[in-house]
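Notes follow once the structure below has been shown.
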Amino acid sequence: MAKNLVDPARPIKARTVAAAGVGVAAAMAGIVGAGLWFEGVWAGEPYPVADPAATSRSLDERTQTVYDALALPDARLDTERSGVGAEAEGYGCNRRGVRHWADGFSGSPPSEPGVVNVSYDWTLRGVPRARAVAALKHAKKELTREGWKVASHDNDRFWLRLKMVPPGGDASVSVTSYPAGRLEIAGYADCARYPEGTPLDEWGDPELAEMRAPVQLRD
């Protein structure tokens with residue numbers, strides 16, 4: 001009677017084939033991963049998308065919060081140095097990715113189309129340096145309590161400036177003391193791509209919301 005013979009090498013061969021398959025799959029996954037990584041490096045990290053009008057309203061609220069924290073009820077708005085509203089510009093929003101590496105050799109590298117950063121500033125008058133020192137200290141304490149973070153605080157012979165970042169970290173507000181009792185409050189949002197269909201003004205820039213801060217000093 002013939003006996004059922006089992007090839008002792010078959011399990012070893014099966015394991016070898018399975019291991020080879022796993023190795024090929026891992027290699028393919030590595031190649032795909034490397035390709036995606038290179039594609040990301042080549043194209044660069046995409047800018048976030050944000051509505052410039054909504055961003056300007058947020059900056060208006062942020063600078064109002066800072067004004068309230070300064071506790072300067074007797075200061076007045078310097079109408080000669082305070083702009084009429086926010087601005088949306090793309091000068092500081094450079095093109096990203098290795099494909100644009102040559103931009104670094106340009107004295108004025110081109111900006112990314114459709115990407116802007118929104119800024120808003122106004123100036124108070126009647127705030128001498130000694131008073132400004134106390135106001136910045138008070139604002140720093142109050143805003144930190146509300147969840148803001150201190151980006152920088154300079155108080156030396158060259159600068160008296162406080163820069164704070166509100167919760168969320170997508171903008172910053174700085175308070176800077178200048179000669180003749182002037183105190184500038186400026187808000188800056190990060191560069192962001194505006195959505196398709198965003199209303200544009202006659203110069204081709206995104207339309208922004210009407211700015212009102214500080215409401216206590218506006219007519």
Side-chain angles (χ1 to χ4, degrees), residues 40 42-68 70 76-125 143 148-149 151-152 161-178 182-219:
W42 177 256
E45 182 180 358
Y47 281 101
V49 178
D51 176 15
T55 299
S56 64
R57 285 191 292 269
S58 177
L59 281 184
D60 195 45
E61 294 171 359
R62 300 299 194 190
T63 57
Q64 178 67 50
T65 298
V66 171
Y67 171 79
D68 294 339
L70 288 169
R76 293 292 176 263
L77 189 66
D78 190 332
T79 56
E80 294 182 358
R81 295 180 179 272
S82 298
V84 295
E87 294 182 322
E89 298 179 339
Y91 299 127
C93 306
N94 298 330
R95 299 187 297 183
R96 293 176 169 178
V98 174
R99 58 181 173 175
H100 300 303
W101 69 273
D103 291 351
F105 298 98
S106 173
S108 55
S111 57
E112 178 70 19
V115 175
V116 296
N117 71 310
V118 181
S119 61
Y120 176 46
D121 66 88
W122 39 270
T123 302
L124 302 174
R125 58 184 174 85
L143 294 173
W148 292 54
K149 297 185 181 300
S152 62
R161 172 183 290 174
L162 172 65
K163 184 177 181 180
M164 302 284 291
V165 177
D170 56 351
S172 63
V173 179
S174 64
V175 184
T176 308
S177 177
Y178 290 102
R182 302 194 312 275
L183 192 68
E184 180 192 63
I185 293 83
Y188 304 93
D190 295 339
C191 292
R193 184 177 300 279
Y194 51 84
E196 185 177 353
T198 296
L200 304 178
D201 60 23
E202 57 184 310
W203 295 282
D205 298 321
E207 293 183 357
L208 305 177
E210 180 181 0
M211 314 305 285
R212 303 176 60 229
V215 295
Q216 296 93 327
L217 306 182
R218 299 284 177 176
D219 295 331

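Start at 1 with the first residue, then count along the sequence.
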Any side-chain donor-acceptor pair under 3.5 Å between D68 and Q64?
yes
Tell me whether E112 is salt-bridged to R193, with the criterion being a basic N under 4.0 Å from an acidic carboxylate O.
yes
Nearest heavy-atom neighbours spanning A86 and V118:
CB-CG1, 4.1 Å
Indicate the atoms forming the closest heavy-atom contact of V165 with A171, along with that distance.
CG1-O, 3.5 Å
Are Y178 and T123 side-chain neighbours, meaning at least one heavy-atom pair lies under 4.5 Å?
no
dist R218:CZ -> L77:CG (nearest 0.5 Å) comes out at 5.0 Å
Does a side-chain heavy-atom distance below 4.5 Å link V66 with M164?
no
Between CZ of R57 and CZ of R212, what distance do you get to the nearest 0.5 Å?
12.5 Å
Begin from the C-alpha positions of L143 and V173 and carry the test side-chain contact (heavy atoms from CB on, under 4.5 Å) through to its verdict.
CA-CA 11 Å; L143 294 173; V173 179; over 6 Å; no
Scanning both residues in full, the closest heavy-atom pair of V115 with C93 reads CG1-CB, 3.6 Å
So which heavy atom on A50 is nearest to which on T55, and how close?
CB-OG1, 4.1 Å
How many angstroms lie between atom CZ of R161 and atom CG of L183, to the nearest 0.5 angstrom?
11.5 Å
Return the CD to OG1 distance between E196 and T198, rounded to the nearest 0.5 Å.
9.0 Å
CZ (R76) and CD (Q216) are apart, to the nearest 0.5 Å, by 11.0 Å
Report the C-alpha separation of L124 and Y67 in whole Å, then their side-chain angles, then the decisive distance to 0.1 Å, and conclude whether the side-chain contact (heavy atoms from CB on, under 4.5 Å) test is met.
CA-CA 10 Å; L124 302 174; Y67 171 79; 4.1 Å; yes
Can you give me the closest heavy-atom contact between Y188 and S174, atom names plus distance?
CE1-OG, 4.0 Å
Mark yes when over 12 heavy atoms from residues, nucleotides or ligands other than E210 sit less than 6.0 Å from its CD; otherwise mark no.
no
Are D190 and P48 side-chain neighbours, meaning at least one heavy-atom pair lies under 4.5 Å?
no
Non-hydrogen side-chain atoms of W148 and T65 separated by less than 4.5 Å:
yes
Test side-chain contact (heavy atoms from CB on, under 4.5 Å) on L200 and Y194 and set out the steps.
CA-CA 11 Å; L200 304 178; Y194 51 84; 4.2 Å; yes
Quick one: does D60's side chain have a donor or acceptor within less than 3.5 Å of a partner on M211's backbone?
no
Donor-acceptor contact below 3.5 Å, side chain Y120 vs main chain T63:
no
Would a distance-only check, ignoring hydrogens and angles, find a side-chain to backbone donor-acceptor pair under 3.5 Å from R62 to S172?
no
So how far is it from E184 CD to T176 OG1, rounded to the nearest 0.5 Å?
5.5 Å
Judged by atom type as modelled, is there a donor-acceptor pair below 3.5 Å linking the side chain of S82 to the main-chain atoms of T79?
no
Where is the tightest heavy-atom contact between S56 and L208, given as atom of each residue plus distance?
OG-CB, 3.8 Å
